[in-house]
Amino acid sequence: MYTMEDLNLVMKERLKKAQMFEEQGIPLYPNTYKVLHKTKDVITGAGPKSDEELERESMRFVLAGRIMAIRSFGKSIFMHIQDEFGRIQIYLQKNKLDAEKFKLAKKFDVGDIIYVEGVAFRTKTKELTILAEDVALITKNLRPLPEKYHGLKDVEIRYRQRYLDLIVNTHVREVFKKRTEIVQSVRKFLCDRGFLEVETPMMQLIPGGATAKPFKTFHNALGIELYLRIAPELYLKRLLVGGFEKVFELNRNFRNEGISTQHNPEFTMLEFYEAYATYEDFMKLTEELFTFLCEQLNNGNLKITYQGNEIDLTPPWKRYRFMESLEQIGGFSEDTLKDFGKTAELAKSMGIKPEKYEGHGKLLTKLFDVAVEPKLIQPTFITHYPLEVSPLSRRNDMEPDFVDRFELFIAGREMANAFSELNDPRDQKERFLKQLEAKRAGDEEAHEMDEDYIRALEYGMPPAAGEGIGIDRLVMLFTDMPSIRDVILFPLLKPEK
RNA sequence: GGGCCGUUAACUCAGUUGGUAGAGUAUCUGCCUUUUAAGCAGAGAGCCGCUGGUUCGAGUCCAGCACGGCCCA
């Protein structure tokens, strides 16, 4: 229980009040009140009516909500209560309420959840209000809410105690509702096109499908180490082998890496795969997906604002080959880029120190990250990535050092990664072996060998395209939020103490 | 991992060259039947993030640590 000593004054008062209520037989946490309406019912139902109509019709509402403000007089009280959908003013008049109920209502605190039954009317200042005829305590608040005017600003508390953030900062609720709408729209888009939603293992023996450090866990009964997945990719492609031709998975991935405004250790990823399609088909599909999202979320308006930049999502989007982008956007000379030695010199001059295990392709992507990616504000596809950094992509038929792959950038951030899938088991095995070499040379993020995946490819995987889209970043884009923590309900933080 | 910034009442924030800790909101006690950042009068409320150091004296200066934010790797 609570030791009175370590509580602030307000909490002591509330506990005292709670005790007093209980002594009077007033339950603090009853669950017997039937709530028939929401604040939005009042607003849509009574809002359009004239003052005279409201008086004539006396529309009754039965509501519940959290008290967000109290303005109390001797014989009348105004309150604002808030439910999931909004706020409404309540007016309690001494001569309109049972004497005991009015006395009780006088003792309500900001933060309490209450039950109100009454009739809609408009006050002198024309605010739609419920004149209470019955009122009751539903849940007693013991901890004071943040100040009503400035609200809760402390970001640490906002993230640690998201429930408080959601109570006080209503725009935060809107962000997370929009997140849900985005996820549902993405699902609808894919389902409408015949993609089958599937669930593959989050706990994997071999963490594959991406280059990243995994989280390790342990299964007691089997006595084996398992990894939280860094990507579902290899399992989804096993399903292509199995005969499913269009599949997708939209769920959590886990990467054991740093935390930043762009990275949370667990994040939500969409991956989808289509047999007999190519990465070029998927560029078109991706443009269609974003157009669809704008229809669903933005009234079809293809222009959105992100952190002060206007972004025009009208297709077709710009396309550059990877090497082309380094020359035209990065401003590097072809001569330098084609030569490993010169590329390494250039990288060093830019403060990038090449690792022993990093080849030409890897260095080029590091240059890209610094000199090209931040400049890709408008939606841009970058195609034909170096083979070295694409261990699961199909080799380009004309240029065997490059792959049939694209990444999509918007607002200077990678939004999607897609490629025609490598389905030649011999080539795949060779690529895995290359990755093992890099691993031995010290690359902790190199891809693991997955023998069963090779075995699956040996049965024959149809040619296919696959794509991954980071949902958190997508939500950031559509909600104009600068940090990934603003679109994840409970972002990972260090323990408080 | 590095740099910069922040941490003072429940919340939002002040705090002067180092000299007894401040405001508004919230809380409590009065008054008040159409208020809305209600109002008026009064009262209470602090591990100044933590640990050390300098000093007669530290919220303030110095060092270390913790947590958070932004930027960089």
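Every chain is numbered from 1, with letters handed out A, B, ... down the list of sequences.
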statement: Whole-Å distance, L9(A) CG to rA45(B) P, equals 8 Å

field: Inter-nucleotide P distance (rC40(B), rU35(B)), Å rounded
entry: 15 Å

task: Taking only Lys NZ, Arg NE, NH1 and NH2, and the carboxylate oxygens of Asp or Glu, determine whether R122(A) and D51(A) approach each other closer than 4.0 Å.
output: yes

- request: With heavy atoms under 4.0 Å as the rule, sort I157(A) into base, sugar-phosphate or nothing.
  value: sugar-phosphate

task: Indicate yes or no for a side-chain donor-acceptor contact from R162(A) to the backbone of L489(A) under 3.5 Å, with no hydrogens or angles considered.
output: yes

task: Please test D109(A) against R14(A) for side chain to side chain contact (heavy atoms under 4.5 Å, CB included), starting from the C-alpha separation and ending with a verdict.
output: CA-CA 8 Å; D109(A) 292 306; R14(A) 302 244 162 136; 3.4 Å; yes

- prompt: Does Q93(A) make a side-chain donor-acceptor contact with the base of rU34(B), cut-off 3.5 Å?
  reply: no

message: In whole Å, measure the gap between the C1' atoms of rA43(B) and rG49(B) for me.
response: 30 Å

Whole-angstrom distance between rU12(B) and rU54(B), as gauged at atom P: 36 Å

statement: Where RNA chain B forms runs of at least three Watson-Crick or G-U pairs (i with j, i+1 with j-1, under 3.5 Å), the stems are B:1-7 with B:66-72, B:10-13 with B:22-25, B:27-31 with B:39-43, B:49-53 with B:61-65

query: Across the strands shown, which category fits K17(A) at heavy-atom distances under 4.0 angstrom: base, sugar-phosphate, nothing?
result: sugar-phosphate

message: What I want to check is whether an N or O donor and acceptor connect the side chain of S76(A) with the base of rU34(B) at under 3.5 Å.
response: no

task: Would you kindly compare F73(A) and N95(A) by the position of their nearest RNA chain B nucleotide and give the one closer to the 5′ end?
output: N95(A)

- prompt: Heavy atoms under 4.0 Å, any strand shown: does F121(A) hit a base, just sugar-phosphate, or nothing?
  reply: base

message: Run the side chain to side chain contact (heavy atoms under 4.5 Å, CB included) test on F322(A) and F406(A) for me, step by step, so that the C-alpha distance in whole Å, both residues' side-chain angles and the decisive distance to 0.1 Å come before the verdict.
response: CA-CA 9 Å; F322(A) 177 77; F406(A) 74 79; over 6 Å; no

query: Can you name the side chain to side chain contact (heavy atoms under 4.5 Å, CB included) partners of K103(A), sequence neighbours left out?
result: E100(A)

message: Tell me whether E388(A) is salt-bridged to K362(A), with the criterion being a basic N under 4.0 Å from an acidic carboxylate O.
response: no

- request: Rounded to whole angstrom, note down the C1' distance from rG46(B) over to rC13(B).
  value: 15 Å

task: Take atom C1' in rU33(B) and the same atom in rG15(B), then report the distance between them in whole Å.
output: 43 Å

task: Please round to the nearest 0.5 Å and tell me the distance separating atom OH of Y91(A) and atom OG1 of T129(A).
output: 10.0 Å

field: Separation of the C1' atoms in rA9(B) and rG22(B), to the nearest angstrom
entry: 10 Å

message: If you assign each of V10(A) and P146(A) to its closest nucleotide in RNA chain B, which residue comes earlier from the 5' end?
response: P146(A)

- prompt: Base, sugar-phosphate, or nothing: which does E13(A) touch, judged by heavy atoms less than 4.0 Å apart?
  reply: sugar-phosphate

field: Span that lies between the P atom of rU60(B) and that of rU51(B), in whole angstrom
entry: 13 Å

task: For nucleotides 67-73 of chain B, just jot down a letter per nucleotide in 5' to 3' order: B, S or -, based on protein non-hydrogen atoms under 4.0 Å.
output: SSSSS--

task: Please measure how far the P atom in rG42(B) lies from the corresponding atom in rU34(B), and state the result in whole Å.
output: 24 Å

- prompt: Counting side-chain heavy atoms from CB outward, which of rU35(B), rC11(B), rA10(B) is closest to P144(A)?
  reply: rA10(B)

message: If the condition is side chain to side chain contact (heavy atoms under 4.5 Å, CB included), which residues does K107(A) pass it with, not counting sequence neighbours?
response: K17(A), M20(A), F21(A)

field: Residues which pass side chain to side chain contact (heavy atoms under 4.5 Å, CB included) with E147(A), listed by chain and number, not counting sequence neighbours
entry: Y149(A), H150(A)

Which residues share a side chain to side chain contact (heavy atoms under 4.5 Å, CB included) with D335(A), sequence neighbours left out: S333(A), K342(A)

